[in-house]
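Please read the structure below before turning to the comments.
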Number of protein chains: 2
Amino acid sequence: MSTADRLIESTRELLWERGYTGTSPKAIQHRAGAGQGSMYHHFAGKPDLALAAITRTAEDLRARAEEQLSAPGTAIERVTAYLRRERDVLKGCPIGRLTQDPDVMADPRLRAPIEETLAWLRQRLAEVLREIEPAPEAIAATVVAVLQGGYVLARAADSVEPFTAAIDGVLTLLTAR
Amino acid sequence: MSTADRLIESTRELLWERGYTGTSPKAIQHRAGAGQGSMYHHFAGKPDLALAAITRTAEDLRARAEEQLSAPGTAIERVTAYLRRERDVLKGCPIGRLTQDPDVMADPRLRAPIEETLAWLRQRLAEVLREIEPAPEAIAATVVAVLQGGYVLARAADSVEPFTAAIDGVLTLLTAR
DNA sequence: GTCTATATGACGATAGAC
DNA sequence: GTCTATCGTCATATAGAC
């Protein structure tokens, strides 16, 4: 892996763990095993590096969601597979967590991939759910919200349990229709 | 309002807007119209002040939830009133947002009120929903998660719309039972 | 109680040698 | 491409006068 790649990967990890404000260039360099000069040679600064990291994380999220959502099976089966797939629940959503960072949301370049990714997810889930719901838009928003909110509850409790309960609840409601 | 009170209120606002890491003592003092010496006279430091602020915000959240949840009406009516009550949607949940702050979650004193408040909310909603569900725990978790996740989607979109859609969706699912 | 002065280190970046 | 030196500012206090 090149130095530039190691810098991007380190930034992705740190943004996930500590957010944008909580992530310093120094910490990125240390984790990547790169020096100051090296980082500023490859990237213009912290926002530039964050953009590269966020873009890569957003692509990754979409690709992995698509794995479950475009698999064979009924709508319920695919949504269930997506919601119950293995996740780093206590780490939360690497995209959703950035919405809490005012410096990220204030920068249109950093904000765009986050807005687009969550809008895409909602729209993609609506497509799948259209198989069983004539107007699935609101329910698709609910499903994405349960996921994002489940992460919040899990972090608050320092336990996966509330996340699992929230997913179980929405699947119960969905399946009972 | 006393200086100590102004410091606590300013800290509450800043924690809501910028999180713990993003909030400096200097910013708190400036917003409260207090000097350095004044702040350190009343509070031991940033964590001490944050604890006072978080405690007050947690009490406030519980009191305001209780307003809707203990009102007269059916379970569905009370949950609907709670979910649809007026909110500062784009600002998000002042308690839930702190779960994204690793420095808060790493400090047991700061973490406790957050954990307790969300656990209480879940349990309180389960009590209300028991009127229509024999085993309401998972669905109560879902309802709280939709709220927390709805805030995330609203911030990502810079619009109240996804929040409203997510709430509408879960109420549709709940009411259709 | 509130003020000003001072301290130590981190933050985010630039400059220039190698 | 990477390194070290340097920079101006902010973060988070402590000390002591008033």
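Labels below follow one simple rule: chain letters A, B, ... track the order of the sequence lines, proteins then strands, and each chain is numbered from 1. These numbers were taken from a predicted model, which means no experiment stands behind them.
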- Okay, side chain of A:Asp168, backbone of B:Ala138: is any donor-acceptor separation there less than 3.5 Å? no
- Query: Does A:Phe163 have A:Arg84 sitting over its ring (NZ/CZ under 6.0 Å from centre, angle to axis within 45°)?
  - Reply: no
- Item | A:Leu49 CG - C:dA13 P separation (whole Å) | 10 Å
- Task: Return the angle between end axes of the helix from C:dG1-D:dC18 to C:dC18-D:dG1, with five pairs used per end and rounding to 10°.
- Result: 0°
- Query: Does the pair A:Glu127/A:Arg124 count as a salt bridge with the N-to-O cut at 4.0 Å?
  - Reply: yes
- Task: Check the surroundings of atom NZ in A:Lys26: do more than 12 heavy atoms from other residues, nucleotides or ligands lie under 6.0 Å from it?
- Result: no
- Query: Does B:Arg6 come within less than 4.0 Å of B:Glu9, counting only side-chain N to carboxylate O?
  - Reply: no
- Note on the structure: Which of B:Arg97, B:Arg155, B:Arg31 passes salt bridge (charged side-chain N to carboxylate O under 4.0 Å, His left out) with B:Glu17? It is B:Arg31
- Message: Within the 4.0 Å limit for protein heavy atoms, which parts of nucleotides 2-18 of chain D are touched? Write it as a string from 5' to 3', B for base, S for sugar-phosphate only, - for none.
- Response: BBB------SSBB----
- Item | Any A:Arg111 side-chain heavy atom under 4.5 Å of A:Leu98 side chain | no
- Whether over 12 other heavy atoms sit under 6.0 Å from A:Arg109 CZ: no
